[in-house]
2 protein chains.
Amino acid sequence: MTEEINTGRTVGPRATMKDVAALAGVSLKTVSRVVNNESTVNAELATRVRSAAAQLHYQPNISASALRRLDGRSSTIAVLLEDLSNPFSATIYRSVEEVAIGRGVVVIGGSFDEDPERELTLTAAMARHRVDGFIIAPASRDHGYLAREQRAGTPFVFVDRPPVNMEADCVLSDSRDGVTRATRHLLRSGHRRIGFLGDLTTIYTAEERVAGFRDAMREAGLPIDPHLVHLDLRTAPAAEQVVGRLLDSANPPTAIFAGQNLVLMGALRAIRSRHLQDRIAVVGFDDLIMADLLEPAITVVAQNPERIAHEAATLLFRRIDGDTSPTRQIVVTSELVIRGSGEIPASVRD
Amino acid sequence: MTEEINTGRTVGPRATMKDVAALAGVSLKTVSRVVNNESTVNAELATRVRSAAAQLHYQPNISASALRRLDGRSSTIAVLLEDLSNPFSATIYRSVEEVAIGRGVVVIGGSFDEDPERELTLTAAMARHRVDGFIIAPASRDHGYLAREQRAGTPFVFVDRPPVNMEADCVLSDSRDGVTRATRHLLRSGHRRIGFLGDLTTIYTAEERVAGFRDAMREAGLPIDPHLVHLDLRTAPAAEQVVGRLLDSANPPTAIFAGQNLVLMGALRAIRSRHLQDRIAVVGFDDLIMADLLEPAITVVAQNPERIAHEAATLLFRRIDGDTSPTRQIVVTSELVIRGSGEIPASVRD
DNA sequence: GTTAGGTGAGATATCGTTGTCTTTCAAGAA
DNA sequence: TTCTTGAAAGACAACGATATCTCACCTAAC
């Protein structure tokens with residue numbers, strides 16, 4: 001028995017279509033037809049091929065297939081976000097995975113960490129892998145460099161941040177309006193001195209959030225005390241320090257709006273350590289697990305990452321399927337979730 | 001000008017090595033040598049090739065390269081975990097990404113949701129994509145089916161749960177010992193009636209955690225009241241209901257150990273709603289963001305997902321690089337983080 | 001009976017790249 | 001001068017698939 005046919009019991013190389021063809025006694029092309037469920041194969045032959053494939057534990061090589069096929073599809077998409085370990089990005093990734101798996105597509109993830117250079121590195125890596133499409137929350141402020149990849153036929157859907165110098169689909173939260181509504185909510189409780197804490201001003205959404213705050217103040221005809229607006233805050237300790245100084249100042253705010261989760265945590269620590277949690281109103285942006293278990297429970301502007309991801313994935317796959325209609329911008333509404341911390345009236349302190 | 005050379009300005013197909021070769025006036029193979037930084041190319045030629053590649057925005061096709069090269073490396077690994085949207089899985093993914101990016105390798109993620117069928121689906125998909133290695137927290141309890149892929153040369157590193165019917169590297173938390181230490185801690189505060197809430201008993205770590213609890217009780221010579229042990233709890237509402245019943249019973253526990261995050265949240269809600277948060281001791285498994293902001297702050301057994309991921313990724317890449325030494329099991333220690341809720345003495349209630 | 005038409009299956013080229021072999025050419029030794 | 005040696009660059013095959021073309025073969029119509 002010097003037979004060369006791989007029976008699947010041997011260690012080593014994987015079975016190829018050639019091996020399956022040899023075992024089934026048919027041509028390579030017939031195996032290809034069976035694997036791709038083409039209807040022009042005799043039923044008995046197809047069964048023979050399938051059983052040979054099963055016996056050899058044949059797994060088609062998707063890369064080889066993509067290389068040769070006309071559409072060049074790799075059954076892979078890239079999901080590139082701020083940081084896959086933060087709940088917002090993680091939820092988006094997971095929700096995209098859910099749509100992708102239904103189409104037999106796998107998802108390559110990447111984190112930009114707000115670093116435009118890392119964005120270049122990662123998008124280039126994805127291009128080398130010939131992903132079928134991108135879902136991207138960019139760190140950079142100019143995305144013209146992606147247009148070439150787009151012209152080569154790879155669709156892009158931007159999430160959380162719109163494309164700049166590029167035409168592409170886009171799914172956003174209504175951050176600006178969400179913050180405006182939250183600020184109005186504070187104003188209705190009588191607050192006039194509201195501290196605003198924002199993330200890096202290079203981030204689109206961070207800018208939108210301040211803008212929403214300014215909108216509401218302007219609308220109410222109130223001046224903004226520049227001492228109460230602190231931007232470019234990224235970490236909890238930084239926010240804790242800033243809020244501590246605000247609270248200890250001669251004319252402290254009666255309410256705080258925290259434009260981001262870590263910043264919210266810092267703010268809460270500063271407030272707690274001064275035992276002011278029942279006197280200073282607090283509203284955060286982005287929901288938190290356990291926000292309801294704090295005392296008072298935290299009022300937040302909650303985004304809807306599942307919905308954002310679902311819209312983005314649906315759009316992307318539609319483009320992959322050949323939709324060439326004009327690009328779309330979808331806005332997913334955010335919701336003010338009232339829990340207590342945002343409803344503390346201004347008068348308590350006065 | 002009927003020149004066929006792609007200048008990069010045209011819409012359409014991507015530049016290939018052939019295009020670069022034509023523009024640089026060299027052979028295909030020379031371009032390959034330059035792209036792969038082989039030293040046998042004349043410096044001037046190499047420069048010409050590089051500038052042609054840049055002009056055409058040439059991106060090598062990694063799949064084609066993997067297809068042809070002897071080692072078949074796709075520069076892709078799979079990270080398959082319980083649920084990429086939960087903080088533990090998300091942190092592991094992100095930490096693996098960090099190691100991978102340093103090697104120019106991209107990471108495909110997947111979530112099993114404790115569903116063994118989904119595990120089969122996803123591992124097969126990864127095999128079709130010819131990933132270079134797997135980091136996996138399996139949902140199934142028998143991993144023999146992966147041995148074939150392993151024999152074909154793809155290394156596996158198990159995280160959080162050990163391989164069964166398969167020899168592979170493995171990185172675990174010391175869950176059992178961690179829970180034993182936490183239980184001893186409660187016992188030292190005088191607790192004798194401790195409620196234990198566990199996750200699905202099909203999950204390896206869930207079993208380990210109950211076992212750790214039993215170890216500590218046995219060691220202390222205390223009987224375990226079966227009414228106080230509740231397993232197969234997955235959601236916060238389920239846990240809330242169970243803990244509510246426990247607290248309302250004739251002989252309630254003086255302390256609760258919550259074996260998982262969502263279960264901890266349910267327990268806390270039940271306790272809060274009865275205003276017992278300063279009378280019932282609570283210890284959770286897995287750290288939570290904001291655990292320090294609750295009142296009392298939550299004492300937990302904290303795992304170290306970054307460390308687990310780093311060890312796993314390092315091991316995996318060592319295997320990918322050809323290490324054939326015996327498989328290893330690495331145990332990453334967990335830490336009891338004392339914050340207040342776990343230090344409430346039993347006597348307060350008596 | 002002959003031929004047109006349709007259908008199923010094989011032969012062959014090819015996708016973009018790397019491995020191997022061959023060729024070219026310059027420099028140094030006999 | 002001639003030959004050897006070595007390095008650099010090109011020619012060509014092949015990785016595992018699919019696209020396209022061709023070829024049998026069968027049926028139906030004249």
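From a predicted model like this one, the values you see are computed outputs, not experimental measurements. Order of the sequence lines fixes the chain letters, A, B, ..., with proteins taken first and strands second; residue numbering starts at 1 for each chain.
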Report the distance from atom CZ of B/Arg68 to atom C1' of C/dG19, rounded to the nearest whole Å. 5 Å
Less than 4.5 Å apart, any side-chain heavy atom of A/His143 and any of A/Asn165? no
Going by the side-chain hydrogen bond (donor to acceptor under 3.5 Å, both in side chains) test, which pairs reach into residues 122-131 of chain B, not counting sequence neighbours? none
Can you name the residues that form a ring pair (Phe, Tyr, Trp, His ring centres under 6.0 Å) with B/His310, not counting sequence neighbours? none
Between P on C/dG19 and CE on B/Met17, what's the gap in Å once rounded to a whole number? 11 Å
Does a side-chain N-to-carboxylate-O contact under 4.0 Å join A/Glu114 and A/Arg161? yes
Among all residues two or more places apart in sequence or in another chain, which pass the side-chain contact (heavy atoms from CB on, under 4.5 Å) test with B/Ala52? B/Val20, B/Leu23, B/Ala24
Suppose we screen for ring pair (Phe, Tyr, Trp, His ring centres under 6.0 Å). Which residues come up paired with A/Phe134, at least two apart in sequence or across chains? A/Phe156
Degree of bending in the helix from C/dG1-D/dC30 to C/dA30-D/dT1 once both end axes are built from five pairs, to 10°: 60°
Please determine if B/Glu97 and A/Arg118 form a salt bridge, counting it only when a charged side-chain N lies under 4.0 Å from a carboxylate O. yes
A/Glu149 and B/Arg14 ion-paired at < 4.0 Å: yes
Under-3.5 Å N/O pairs linking protein and nucleotides 22-24 of chain C:
none

Does any part of the side chain of B/Ser75, heavy atoms only, come nearer than 4.5 Å to the side chain of B/Val106, both counted from C-beta? no
If you measure from CD1 on B/Ile136 to CD on B/Glu82, what distance do you get to the nearest 0.5 Å? 13.0 Å
Using the rule given for side chain to side chain contact (heavy atoms under 4.5 Å, CB included), can you reason through A/Thr16 versus A/Asn61, listing the C-alpha separation, both sets of side-chain angles and the distance that settles it, and then say yes or no? CA-CA 8 Å; A/Thr16 68; A/Asn61 182 329; over 6 Å; no
B/Asp71: which residues meet the side-chain contact (heavy atoms from CB on, under 4.5 Å) condition with it, sequence neighbours left out? B/Arg69, B/Arg73
Contact pattern, 5' to 3', of nucleotides 7-12 of chain C - B, S or - by protein heavy atom under 4.0 Å: -SBBB-
For A/Ser325, all residues meeting side-chain contact (heavy atoms from CB on, under 4.5 Å), sequence neighbours excluded: A/Arg319, A/Asp323
Heavy-atom check, side chain of A/Ile330 versus side chain of A/Leu315, under 4.5 Å: yes
Range on DNA chain D touched by chain A - first to last nucleotide, heavy-atom distance under 4.0 Å: D/dG16 to D/dT20
Does anything in residues 88-121 of chain A pair up under ring pair (Phe, Tyr, Trp, His ring centres under 6.0 Å), and if so which pairs, sequence neighbours excluded? A/Tyr93-B/Tyr93
DNA chain D contacts made by residues 58-66 of chain A, counting heavy atoms under 4.0 Å: A/Tyr58, A/Gln59, A/Pro60, A/Asn61, A/Ala64, A/Ser65
